[in-house]
There are 2 protein chains.
Amino acid sequence: MKYSHKLSDAVHILAYIDIFQNEDFSSKAIADSIESNPSLIRRLMSSLSKAGLLITRSGSVSPRLSRPADQITLLDIYLAIDDSHELLHVDEKTNMNCPVGRNIQDTLNAAYDQVQQAAEESMKTIVLQDLIEDVLIREKNRNQ
Amino acid sequence: MKYSHKLSDAVHILAYIDIFQNEDFSSKAIADSIESNPSLIRRLMSSLSKAGLLITRSGSVSPRLSRPADQITLLDIYLAIDDSHELLHVDEKTNMNCPVGRNIQDTLNAAYDQVQQAAEESMKTIVLQDLIEDVLIREKNRNQ
DNA sequence: CTAGGTGTTACTTTTTAAGTAACTGTTATT
DNA sequence: AATAACAGTTACTTAAAAAGTAACACCTAG
């Protein structure tokens, strides 16, 4: 998942919606906070909504979390916006005429699965509520 | 680290060298097994060598592991070929005029560090020797 | 001394993801 | 009902990243 910051933006959206209760939640306003563009925000929100994390209405500016922020984990968000679910990637083009080339893919897939599991377990322990509180604490510290 | 398979290729190289003792270890021969090209192999081998995992000689076809395969972990290899050491990535362009935008980066970096730690701990438990044995077992099963 | 290899750098191509635009259909408001 | 604004979606463009390739200086073994 090199270079992609979709997960970061998705967390940003959810945190934004939870923090600024009853403010402007148009895709335009959120895009402004992320310094991105509304269309991209709408796509991410669509993924979050399909994954059941966000409740939206089609022509209406009224997104809200589908459940309390302490019941949404980083893993939930990751699974919502990433469809490969692979942090590491096997080289799918190896020489099948070589004993190593024709077996290494399966070997590595098994190994990478294990690493993936560990990463996902860790994501599961990180809750949106914690992230939001961390943002608020950092903001408070700035103002002192 | 989407799409990148440098780690996979690096493991492939090391496994290849350990399995085929005293055979042709020219970058051309190894490239043939990976179905890649010699220059790329030489670059990866250079990284592995700089990280102290591989011993090479400049004009000579004589690469060998610097220590036994059971003393080389997947983490060693990962650290050797990846210099960002980040499986997840923060969006570095957020709006500093927004309370969320100006703090979320630090918040996410801390969270991602935790996930990275978990992934690396898992990589540490996977040893090159295990991967090689797995390849050989798979090959043996094919021939039955 | 020469043929063939390594190590390295620069460059090109391919792939991926972000960014953008456009359009349909829904909602809220008057 | 009309309309203005927005969500949801698709298609397309641009930018970024990684793989692939070529070239070359230097080293080594025969």
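Proteins get letters first, then strands, A, B, ... in listed order; numbering begins at 1 in each. Hydrogens, waters and symmetry mates are skipped; everything else that's a heavy atom, side chains included, is used.
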* Asked: What is the distance from NZ of A:K6 to P of C:dA18, rounded to the nearest Å?
  -> 6 Å
* How long is the gap from CG on B:D18 to CG on B:L54, to the nearest 0.5 Å? -> 10.5 Å
* Nucleic acid contacts - residues 38-47 of chain B versus DNA chain D, non-hydrogen atoms under 4.0 Å -> B:S39, B:L40, B:R42, B:R43
* Asked: B:Y16 vs B:F25 aromatic rings, parallel, tilted or perpendicular, using cut-offs 30° and 60°?
  -> perpendicular
* A:S4 side-chain N/O to C:dA18 phosphate OP1/OP2 under 4.0 Å -> yes
* Is any side-chain nitrogen or oxygen of B:R57 closer than 4.0 Å to OP1 or OP2 of D:dA29? -> yes
* Modelled atom types, side-chain donor and acceptor of B:Q105 and B:T94, under 3.5 Å -> yes
* To do: Output yes when at least one side-chain N/O atom of B:S49 is less than 4.0 Å from OP1 or OP2 of C:dG7, else no.
  => no
* To do: Check for a donor-acceptor pair, side chain of A:T125 on one end and backbone N or O of A:S122 on the other, with a separation under 3.5 Å.
  => yes
* A:N37 side chain N/O closer than 4.0 Å to the phosphate oxygens (OP1, OP2) of C:dG19? -> no
* **5' precedence on DNA chain D between A:K50 and A:V61 (nearest-nucleotide basis)** => A:V61
* To do: Take atom CD1 of A:I13 and atom C1' of C:dA18, then tell me their distance rounded to the nearest Å.
  => 14 Å
* **A:Y3 OH to C:dT14 C1', straight-line distance once rounded to whole Å** => 15 Å
* Provide the closest heavy-atom pair for B:V135 versus A:P99 in the form atom of the first, atom of the second, distance. => CG1-O, 4.0 Å
* Below 4.0 Å: OP1/OP2 of C:dG5 and any side-chain N or O of B:S58 -> no
